[in-house]
Structures are given as C-alpha cells and as structure tokens.
Amino acid sequence: DGGITQSPKYLFRKEGQNVTLSCEQNLNHDAMYWYRQDPGQGLRLIYYSQIVNDFQKGDIAEGYSVSREKKESFPLTVTSAQKNPTAFYLCASSTSRGWGAFFGQGTRLTVV
Amino acid sequence: GDSVTQMEGPVTLSEEAFLTINCTYTATGYPSLFWYVQYPGEGLQLLLKATKADDKGSNKGFEATYRKETTSFHLEKGSVQVSDSAVYFCALTRFGGSNYKLTFGKGTLLTVNP
C-alpha cells in the first residue's frame, strides 16, 4: 500500500542533543513537508521541498535542518539550537499540482 | 499572506445532532480548500476538498461548499456520531508558481457524546 511512514512514533532525547526524524513516502509525490503541531497552535510549517536537492524554509525553520537527496525521503533534524523542541512533528507529501497533502502518523518528540 | 480562520472550540454535541464548523479564508487568486480530520495521537487525514467556487466537497456524510463571495468553506454534517469525535482543520493551497504549501487554521476539537 502506498503511504507515508514516519519513524519512530515516540522519541526521547536529552537537551542539547541533535535528533533526526525519518519520513519516507512511496506515493511518487514530488513535494514533501514538515509541520510542527503544538496544543492550541494548529500546524506550523517548518520546511518544504518540491524537488530533489531543493528545499525552502517555512514559517518556523530556525533550529531545524532538512535534506532531500532522494524523492522518497525527507528527514528532519532538530538541532540543539531549537529552543523548545518538544512537540508533535508531522510529515506530509503532495503532487506538484497541489491537490492537498497526505500525512504520516507523526512523531512525538520529548526533550528532557 | 494567506490565512485561514476557523471557529474556536471545543464543540460538544450529542449523538445525531447537526454539526457546523465555520471556516473563512484570506488568499489572493483562486485557492483550493480542504478539510482535514485528526484522531487522537494520529496524523491528519484528508476529509474533503473543493477546487473552485461553488464546488461542494463531500465524504462520510460531511459536506462543505466553496463560497467565494463570502470567502468561506463551512463544514457540516446532518447527524454526528461518537466516532466523529476528533480535531478538524480547515486549510487552503494556491495553484500556480512554485508554492504548493498548505495553510491551516488552528483546528476545532469536536466531542460527540452518546
């Protein structure tokens, strides 16, 4: 079945450590996205990529980094520069026509 | 810039009640409009969409009509069930150029009691 896989579902890290969240899709979608979700804040865009080897900052990119070396994969690194990294992270993908996006199941990151 | 405003929750209804969740948007051009649903601890699922004015999106008993004159895309369901309890997000995206990112509202929590 086609879809988007995020791993792990739960992730715990110590403060000051970098951590990488995985996102893989087999939908053959060109565009991929990372969103952060906090209670009462809705979804905020961190980074997005419309083609391989290209990506753009979203609304809250500070303290995060991404890469897009393969069409299927768009990993997100939460660096120690991110002041408040504890959140629910959602990866999504869409066709280049912008017909809406498909989402993964999310990764809940807790930094202690 | 683009923005989406949806009614604040939480919304609490009894089973079989009528549901309306209001959504209005601000965007240049002709955006596509979406409703997404999120069940506890999960990602978002696309519920319905409409791509041009007067289009009606529908799925699982939910409906929403793209009203360009009022810049609205209100979600309705005639008879809600306990299983409809979730967070609902209104969203938009615009065609054209190189920007296909979705802009979301803040979400509305719906709780349906038996």
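Chain identifiers are assigned alphabetically (A, B, ...) following the order of the sequence lines, protein sequences preceding nucleic acid strands; residue numbering begins at 1 within each chain.
- Looking at A:Q6, neither its backbone nor its side chain comes within 4.5 Å of chain B, counting heavy atoms on both sides.
- Within a 6.0 Å sphere centred on CZ of B:F18, other residues, nucleotides and ligands contribute more than 12 heavy atoms.
- When all heavy atoms of B:G43 and A:L90 are compared, the pair lying nearest together is CA-CD2, 3.6 Å.
- The CZ atom of B:F89 lies 4.5 Å from the CD atom of A:Q37; values are rounded to the nearest 0.5 Å.
- B:Q38 touches chain A through its side chain: at least one heavy atom from C-beta onward sits under 4.5 Å away, while N, CA, C and O do not.
- Chain B forms the most heavy-atom pairs under 4.5 Å with one residue out of A:Y35, A:F102, A:F88, and that residue is A:Y35.
- By the neighbour-count criterion of 12 heavy atoms within 6.0 Å, atom NZ of A:K9 is densely surrounded, having more than that number from other residues, nucleotides or ligands.
- By the criterion of side-chain heavy atoms lying less than 4.5 angstrom apart, applied directly or through intervening Ile, Leu, Val, Met, Phe, Trp or Tyr residues, B:L92 is not grouped with B:F34; the two fall into different hydrophobic clusters.
- Heavy atoms from other residues, nucleotides or ligands lying under 6.0 Å from CD of B:E69 number more than 12.
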Practice prompt. I would like to know whether A:L43 and B:L102 meet side chain to side chain contact (heavy atoms under 4.5 Å, CB included); could you show each step before the answer?
Written response: CA-CA 10 Å; A:L43 276 72; B:L102 280 163; over 6 Å; no
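- Shown here is B:K68, whose NZ atom has more than 12 heavy atoms of other residues, nucleotides or ligands within 6.0 Å.
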